[in-house]
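One structure below.
Proteins come first, then strands; the chains are lettered A, B, ... in the order of their sequence lines, and each starts at number 1. From a predicted model like this one, the values you see are computed outputs, not experimental measurements. Heavy atoms only: backbone and side chains are in, while hydrogens, waters and symmetry mates are out.
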There are 2 protein chains.
Amino acid sequence: MATIYEVSKLAGVSLATVSRVMNNNTNVSDATRKKVTVAMTQLGYRPNSIAQSLASNCSNSVGLLVSELQGPFYGPMMSGIETAFRKQSKHVIIAAGHSDEEREQQAIEFLISRNCDGLILHVEAISDDYLIELSKGKTPFVLINRYIRELASRCIILNNVKGGYLAAKHVLEQGHTNIAYISGPLWKQDAQDRLAGHKQALAEHNISFNEQLLYQGDFMEDSGTAGFQHLYNGNSKFTALICANDEMATGAMASARESSLILPEQLSIMGYDNVFFTRHVYPPLSTVNYPINEMGQMAANWILSEVYKKTTPALQTLFEPELVVRQSIITNPQ
Amino acid sequence: MATIYEVSKLAGVSLATVSRVMNNNTNVSDATRKKVTVAMTQLGYRPNSIAQSLASNCSNSVGLLVSELQGPFYGPMMSGIETAFRKQSKHVIIAAGHSDEEREQQAIEFLISRNCDGLILHVEAISDDYLIELSKGKTPFVLINRYIRELASRCIILNNVKGGYLAAKHVLEQGHTNIAYISGPLWKQDAQDRLAGHKQALAEHNISFNEQLLYQGDFMEDSGTAGFQHLYNGNSKFTALICANDEMATGAMASARESSLILPEQLSIMGYDNVFFTRHVYPPLSTVNYPINEMGQMAANWILSEVYKKTTPALQTLFEPELVVRQSIITNPQ
DNA sequence: ACATAAAATGTAAGCGCTTACATTTATATC
DNA sequence: GATATAAATGTAAGCGCTTACATTTTATGT
């Protein structure tokens with residue numbers, strides 16, 4: 001592999017000049033620039049990005065930590081991020097945290113030890129304190145789907161209260177009054193917010209929240225199954241079930257079917273996230289859209305702007321959910 | 001950030017010694033090793049991986065090129081790969097090729113320019129010739145889901161003929177004789193192979209292949225929709241439809257339902273890949289399992305073994321598909 | 001106790017770039 | 001044409017490590 005030294009020799013200029021043309025430094029005459037580029041192509045020269053990184057103290061890499069590499073939620077997020085960065089010749093190093101405090105922490109340290117210039121973090125288990133501490137370090141990071149007051153400007157979040165509200169409002173407007181709810185784990189902010197929105201909508205319709213109709217799940221499919229069973233075997237009847245995410249809704253649907261319920265006639269179900277497979281589920285699931293792809297891109301823009309000082313579209317921190325009506329909710333149940 | 005130099009000073013040893021303890025070189029006495037590690041922790045020393053890479057000419061990074069970061073197929077693959085590598089402190093740089101020749105090529109060059117020690121490629125559009133040429137370069141790579149004779153030992157593939165065979169055989173054994181087929185794009189090897197297996201099973205059951213019942217799709221959902229329409233409006237009747245992947249099967253199901261068919265009673269459908277959402281689809285889709293997670297891990301092992309000279313479980317190049325029976329195929333249709 | 005081999009440690013030259021600073025060359029001003 | 005100024009180019013010192021080779025220390029055999 002040709003090095004910058006050989007290029008400089010062939011072109012008859014100094015190392016510095018070659019470096020300058022690589023970095024588009026303006027102080028190079030057109031004539032020498034041409035000499036250099038010719039030499040480069042002639043040698044098939046490719047700059048060594050490791051050496052560039054060492055010398056410039058900039059690795060051009062950003063770390064991306066997600067809970068899982070698989071699953072319908074993270075794909076669109078990673079996709080938005082990768083696209084945004086590659087356009088700028090930054091590369092993304094991925095790691096999975098598996099919603100586990102220790103593994104998330106390890107992953108962050110791994111990414112930092114890899115000299116990432118910045119980090120995009122979708123963490124769930126790690127503590128606020130750790131992140132606040134981390135923010136004092138020298139690697140900038142942005143948080144997706146997590147709000148920490150002290151770090152507000154770097155938290156890219158969805159208005160989950162509104163989302164919860166929208167879901168419940170829709171179901172209420174279809175005439176349902178007995179509505180069960182499977183929440184996420186309530187120590188998580190987003191789970192709390194969605195539930196809060198839910199309650200708010202109920203209140204607006206003068207329906208009191210029935211604790212019997214609440215089940216706390218964990219955002220995973222199985223807890224949707226368990227949640228439905230629990231609710232179904234309880235004393236309170238319900239015509240609609242709202243789940244705090246689509247996975248749980250899916251689990252609940254399977255479970256409802258096993259209890260011989262006909263969907264959606266005998267039970268209306270609503271999800272949250274608008275993960276791609278909600279269209280495929282039967283009946284197609286009404287849900288709340290989580291613009292995760294856009295939020296990923298925004299996170300990338302944050303890094304591009306704050307770390308690499310690029311000009312980007314205006315940074316936005318709060319995103320709005322939208323109701324997605326499909327066919328899993330019936331009107332006027334009896 | 002502390003450097004190796006400061007550590008060496010604090011420990012009262014030379015740079016080389018510090019480097020040796022970092023790299024677990026055996027020629028270090030326990031006493032000095034302790035001195036050094038104490039100094040390290042005292043300074044909170046973290047080696048600069050960029051400098052390590054430059055000096056050792058090994059970046060400890062491997063490039064992973066997939067068609068899409070999203071979608072159900074690649075998630076498990078990336079997941080298997082990331083897990084395998086992080087255990088060995090290698091990091092993975094991801095890029096998406098979007099099944100486009102130019103973008104795949106760009107992505108490969110991007111990855112190489114990032115000094116990846118090795119590459120894991122899931123490419124679709126790029127030519128065999130390009131890959132053969134690439135194999136003469138200095139960056140080793142392994143191919144997933146692609147077979148090139150000249151590169152056979154680095155092609156990790158599924159026995160697609162067998163998979164196609166298994167699918168058709170199952171449907172035939174349930175008593176179907178009029179079976180439609182939506183293939184993938186037939187310029188792709190895997191699409192060809194699946195179809196070949198399909199035909200083989202038909203032949204074994206003495207059923208001649210009806211060209212009228214073949215539609216060439218592109219592995220995407222919409223082509224399943226289009227394919228069903230085409231087939232349904234054709235002259236040949238069929239009781240079962242086999243699709244060359246799950247996405248197309250899903251599209252076909254939606255389309256069949258729009259044509260007021262009751263599933264699975266009036267039409268049995270079979271997929272391929274066993275992508276996670278096939279469980280959620282209704283009726284749960286019978287399909288053929290593609291052990292993509294394992295294949296990803298194997299690709300990682302290949303790199304670990306060939307590039308990093310680690311000892312790994314035996315390398316395996318050919319994987320076998322398995323039939324997954326769920327509820328989308330009925331028995332003895334009339 | 002001495003020679004010899006083995007183990008431990010040190011020295012210093014890179015790895016391939018960037019960049020502050022110095023120097024040279026071109027351009028403008030009068 | 002001499003001078004001041006700006007533009008272009010060169011020089012050389014790193015960036016933080018690894019590693020070949022040289023040197024010193026320790027262990028071994030007699």
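Side-chain nitrogen and oxygen atoms of A/Asn27 include none within less than 4.0 Å of the OP1 or OP2 phosphate oxygen of D/dA7.
Evaluation of the ring pair (Phe, Tyr, Trp, His ring centres under 6.0 Å) test over residues 77-98 of chain A, restricted to residues two or more places apart or in two chains, returns none.
Counting only distance, with no hydrogens or angles, the side chain of B/Glu104 and the backbone of B/Val123 share no donor-acceptor pair below 3.5 Å. Without hydrogens or angle criteria, A/Gln70 side chain to B/Ser79 main chain gives no donor-acceptor distance under 3.5 Å. Between the side chain of A/Ser59 and the main chain of A/Asn115, a donor-acceptor pair closer than 3.5 Å is present. Within the 3.5 Å criterion, the main-chain N or O of B/Met220 finds a donor-acceptor partner in the side chain of B/Asp218. In terms of modelled atom types and a separation under 3.5 Å, the side chain of B/Gln105 and the main chain of B/Ile126 share no donor-acceptor contact.
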When every nucleotide of nucleotides 15-23 of chain D is labelled 5' to 3' by its protein contacts under 4.0 Å (heavy atoms), B for base, S for sugar-phosphate only, - for none, what sequence of letters results? BBBBBB---
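D/dG10 atom C1' lies 17 Å from atom NZ of A/Lys9, rounded to whole Å.
Atom CD of A/Glu102 has 12 or fewer heavy atoms from other residues, nucleotides or ligands within 6.0 Å. In this structure, A/Asn57 places its CG atom where only 12 or fewer heavy-atom neighbours from other residues, nucleotides or ligands lie under 6.0 Å away.
When the C1' atoms of four end pairs are superposed on the next four at each end of the helix from C/dA1-D/dT30 to C/dC30-D/dG1, using five pairs per end, the two resulting axes differ in direction by 20°, to 10°.
A/Thr32 comes within contact range of the sugar-phosphate backbone alone, with a heavy-atom separation under 4.0 Å but no base atom that close.
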